[in-house]
Protein chains: 2
Amino acid sequence: MQPNNTSAVICRNCALYQTARVLGLETPDCSSLNRIVLRNHPVRKNEVLYHEGEPFRYLYLIHSGSCISNATMLGNSHRVMGFYLPGEIAGIENIGQETCNHTTYALEKGSICQLDFAALEGTLSENELINVQKYLLGSAAHHARQLQWERSLTGLQTAEQQIAAFLMNIASRLDARGFPAHQFRLPMSREAIADYLGLAMETVIRTLKNLQSRNLIDIKAKNIEILDESRLNSLLAS
Amino acid sequence: MQPNNTSAVICRNCALYQTARVLGLETPDCSSLNRIVLRNHPVRKNEVLYHEGEPFRYLYLIHSGSCISNATMLGNSHRVMGFYLPGEIAGIENIGQETCNHTTYALEKGSICQLDFAALEGTLSENELINVQKYLLGSAAHHARQLQWERSLTGLQTAEQQIAAFLMNIASRLDARGFPAHQFRLPMSREAIADYLGLAMETVIRTLKNLQSRNLIDIKAKNIEILDESRLNSLLAS
DNA sequence: CGAGATGTTGACGACCCTCAAGTGCAGTGG
DNA sequence: CCACTGCACTTGAGGGTCGTCAACATCTCG
């Protein structure tokens, strides 16, 4: 068997690598987590990670690809609750309750790590458990800050500001994991963006086109390039 | 000194009581937390718990009264980020970073418990620490779910739906801590509600008045009574 | 009691949603 | 290779909701 260099490199982009480091492992191959981690598992487009209402047990660390979360609202309508990009942890908001309250599935082909959260306690030493919990607590708090910031953007602002904020948000999250932040692919449909932001799909399209005509961004289908980050940012300062 | 019955009773309404239980204490007086907890500390109206940018160290468990969080946005404008009601934990979203990113102050006279988060690790036994971390992780995840739900309400809906959702949200949070959920006081100003929801203050006022004229709620100044919960809920199912 | 903060009401206009028609593109089968 | 079908996306016209502005009322507290 050849040395596991490739997955080691991939692992650096993902939250699991951080988790491994917290465990006191210096080797990035995460070997001593193998009992509770399903590593580098491929997922197909539209493959569901977890269903709304099913018992909560696993956290999913996105290696590559991206995911979308949907939830059922009052009146049985559905709503896009969020997106997970490479390196992020899907399912962390389920901690502390019996069942999952979103349905999360892959937007494109990719790979994930599956971490058996329920088995953490029985598997790790007390010291290891403290470190993993500390790490997850930090991640959950980070997630909450992220949501708080996003919540503060919706409603008050114009559609243009919301779209700009959405793009900057995706860019900064990609940047945080070492991916190119000025040229990337929006894996979700225009409709999903609209649903997520609470706008009409037509407004999303018109606004993107308008930003393009002013040379702030360049879009071709799902591929986006941020041409003038500072002007895009200054749109948010109202 | 007389037995500490009153604060023991108060303590049942607050997150600290839960924290004490996780620590394995059967007595609700939280006595063995005293080294890291400042208990039942009175706060005046407008008294600041923590400032944006100052080092993060404490969690604040609201005994009585309520708090509001503000944050500085791009362009030095300010925005209401959230409210904390009795029994909730202010500051939990700061975990994992060096500094606080909101300014949080009391909306009215009340009392709080201050928990020295930084000193948790050195003070508690490994087993106790695991339990406290587990509890805080659950609280942070709960907070994230709450924010996710709130985020999903803003933007898509009409002003009326947002106001209705806001009222139901406050009511359910009060209900969760054993307070009356159909008749309560809105401790924050109309302007703060508007800012929080991303609406104009005038819209908040007009919408509340409209709900009142349809006998869904009754308002006198800051005192609100929910007259028809089911119809109020059905507004959300669009 | 007076002054500033907070809350209320009305008129008008902009932004964005709705509805509807049309375009481009991917996958399928002939 | 080309129609065909379905879906995502695009574009246009019209109307409703809510923000802005301004005047006024009420509350709070020294």
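Owing to the predicted nature of the structure, the values given are computational and were not obtained by experimental measurement. Quick note on labels: first sequence line is chain A, next is B, and so on, each numbered from 1.
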(message) If we ignore hydrogens and angles and just use 3.5 Å, is the side chain of B/Arg145 paired with the main-chain N or O of A/Ile95 as donor and acceptor?
(response) yes
(request) Starting at atom CD of B/Gln162, determine the distance to atom C1' of D/dG19, rounded to an integer number of angstrom. (result) 14 Å
(message) Quick one: does any side-chain atom of A/Tyr50 pair with a main-chain N or O of A/Gly91 as donor and acceptor, under 3.5 Å?
(response) yes
(request) For A/Lys45, look at atom NZ and say whether over 12 heavy atoms of other residues, nucleotides or ligands are found less than 6.0 Å away. (result) no
(request) Check the angle between the aromatic planes of B/Phe166 and B/Phe83 and answer parallel, tilted or perpendicular using the 30° and 60° thresholds. (result) perpendicular
(request) Check the distance between D/dG19's C1' and B/Leu199's CG and give it to me in whole angstrom. (result) 10 Å
Which pairs would a plain distance check flag for residues 190-198 of chain A, meaning a side-chain donor or acceptor within less than 3.5 Å of a matching protein atom at least two apart in sequence or in another chain?
{"from": "A/Arg190", "atom 1": "NH2", "to": "A/Ala221", "atom 2": "O", "distance (Å)": "2.7"}
{"from": "A/Asp195", "atom 1": "OD1", "to": "A/Arg79", "atom 2": "NE", "distance (Å)": "3.0"}
{"from": "A/Asp195", "atom 1": "OD1", "to": "A/Val80", "atom 2": "N", "distance (Å)": "3.4"}
{"from": "A/Tyr196", "atom 1": "OH", "to": "A/Glu150", "atom 2": "OE1", "distance (Å)": "2.0"}

(message) For A/Thr72, is there any backbone N or O sitting under 3.5 Å from a side-chain donor or acceptor partner on A/Glu52?
(response) yes
(message) Looking at A/Ser111 and A/His41, would you say the former's side chain and the latter's main chain have a donor-acceptor pair under 3.5 Å?
(response) no
(request) Walking along DNA chain C from 5' to 3', note the first and the last nucleotide with an atom under 4.0 Å from a heavy atom of chain B, and give both. (result) C/dG7 to C/dA11
(request) Give me the bend of the helix from C/dC1-D/dG30 to C/dG30-D/dC1, using the axes of the five pairs at each end, rounded to 10°. (result) 40°
(request) Report yes or no: does A/Gln212 contribute a side-chain atom to a donor-acceptor pair with the main-chain N or O of A/Ile219 at less than 3.5 Å? (result) yes
(request) Would you jot down, in residue-number order, the residues of residues 201-215 of chain B having a non-hydrogen atom under 4.0 Å from DNA chain D? (result) B/Glu202, B/Thr203, B/Arg206
(message) Can a donor-acceptor pair be found, under 3.5 Å and without considering hydrogens, that links the side chain of A/Arg44 to the backbone of A/Lys109?
(response) no
(message) Could you tell me how far apart B/Gln161 (CD) and D/dG16 (C1') are, to the nearest whole angstrom?
(response) 14 Å
(request) For B/Ser69, enumerate each residue passing the side-chain hydrogen bond (donor to acceptor under 3.5 Å, both in side chains) test, keeping only those at least two apart in sequence or located in another chain. (result) B/Thr104
(request) Could you please spell out the steps behind the ring pair (Phe, Tyr, Trp, His ring centres under 6.0 Å) verdict for B/Tyr84 and B/Tyr60? (result) CA-CA 10 Å; B/Tyr84 297 101; B/Tyr60 297 89; 9.8 Å; no
(message) Could you check whether atom NE2 of B/His142 has more than 12 heavy atoms from other residues, nucleotides or ligands sitting under 6.0 Å from it?
(response) no
(message) Return a single string for nucleotides 24-30 of chain D, one symbol per nucleotide in 5' to 3' order, where B is base contact, S is sugar-phosphate-only contact and - is none, cutoff 4.0 angstrom on heavy atoms.
(response) -------
(request) Check whether any side-chain N or O of A/Glu225 sits under 3.5 Å from a backbone N or O of A/Leu227 as a donor-acceptor pair, and report yes or no. (result) no
